[in-house]
Amino acid sequence: MNIADLQGWLNGEKLRSEFVRKQYRLIALICVCVFIYILAGYRAMQQQHKLSDLRKEVRDKKFEYLTISSELVRETRQSQIVANLKQQGSKLQENTKPAIRIDE
C-alpha cells in the first residue's frame with residue numbers, strides 16, 4: 001500500500017468508488033450485526049453480574065436459615081425447656097416415670 005492509496009482512504013475517495021457504493025447495504029448490515037453483537041455481550045455480562053449477586057444472596061439466606069434452625073433446635077430441647085421453666089420459677093416438674101403403654 002502506497003501513500004496515494006492511504007490518502008484515498010483518508011480523504012474519502014475510496015468510499016465514493018462504484019464498488020463501495022454497491023456494497024453500502026452490506027456494510028450497513030455488518031454494522032447493525034456488530035452493534036447487536038456488542039449489545040448482546042453487554043446484556044450477557046449484566047445477567048452474569050445479576051446471577052452472581054443472586055447466588056450470594058441465596059448463600060447468605062441459607063446461612064441465616066441454618067442459624068435460626070439451630071437456635072430453634074437448641075431452644076426446644078427438653079433440657080433447655082426444663083432450665084427455662086426453673087429459671088422462671090415455674091412449679092411444673094419433669095416427669096421422671098416412663099410412659100405407660102396400654103395395649104388393647
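For this chain, numbers begin at 1 and follow the sequence in order. What you see below is based on every heavy atom in this structure, not just the backbone, and it leaves out hydrogens, waters and symmetry mates.
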Query raised in the report: Are more than 12 heavy atoms from other residues, nucleotides or ligands located less than 6.0 Å from atom CZ of F19?
Result: no
Query raised in the report: Quick check: does any side chain N or O of S69 sit under 3.5 Å from a backbone N or O of Y65, one acting as donor and the other as acceptor?
Result: no
Query raised in the report: Taking the side chain from T67 and the backbone from F63, do they hold a donor-acceptor pair closer than 3.5 Å?
Result: yes
Taking the basic N atoms (NZ, or NE/NH1/NH2) and the acidic carboxylate oxygens, is any pair closer than 4.0 Å for [X] and [Y]?
X   : Y   : result
R55 : D53 : no
R74 : E71 : yes
K61 : E57 : no

Requested in this report: Flag yes if V32 and L39 sit in one hydrophobic cluster, no otherwise; membership is Ile, Leu, Val, Met, Phe, Trp, Tyr, and two members link when side-chain heavy atoms are under 4.5 Å apart.
Outcome: no
Requested in this report: State yes or no: do I27 and F35 share one hydrophobic cluster built from I, L, V, M, F, W and Y residues joined by side-chain heavy-atom distances below 4.5 Å, directly or via other members?
Outcome: no
Compare all side-chain heavy atoms of [X] with those of [Y] and state whether any distance is below 4.5 angstrom.
X   : Y   : value
S17 : R21 : no
V58 : K56 : no
D60 : E64 : no

**Report entry** For the student: nearest non-hydrogen atoms of I81 and E75, plus distance
**Finding:** CG1-O, 3.8 Å
Approximate separation, where rounding is to 0.5 Å, of [X] [atom1] and [Y] [atom2]:
X   : Y   : atom1 : atom2 : value
L29 : C33 : CG    : SG    : 4.5 Å
E18 : Q23 : CD    : CD    : 11.0 Å
L85 : Q80 : CG    : CD    : 10.5 Å
N84 : S79 : CG    : OG    : 9.5 Å
K50 : Q47 : NZ    : CD    : 8.0 Å

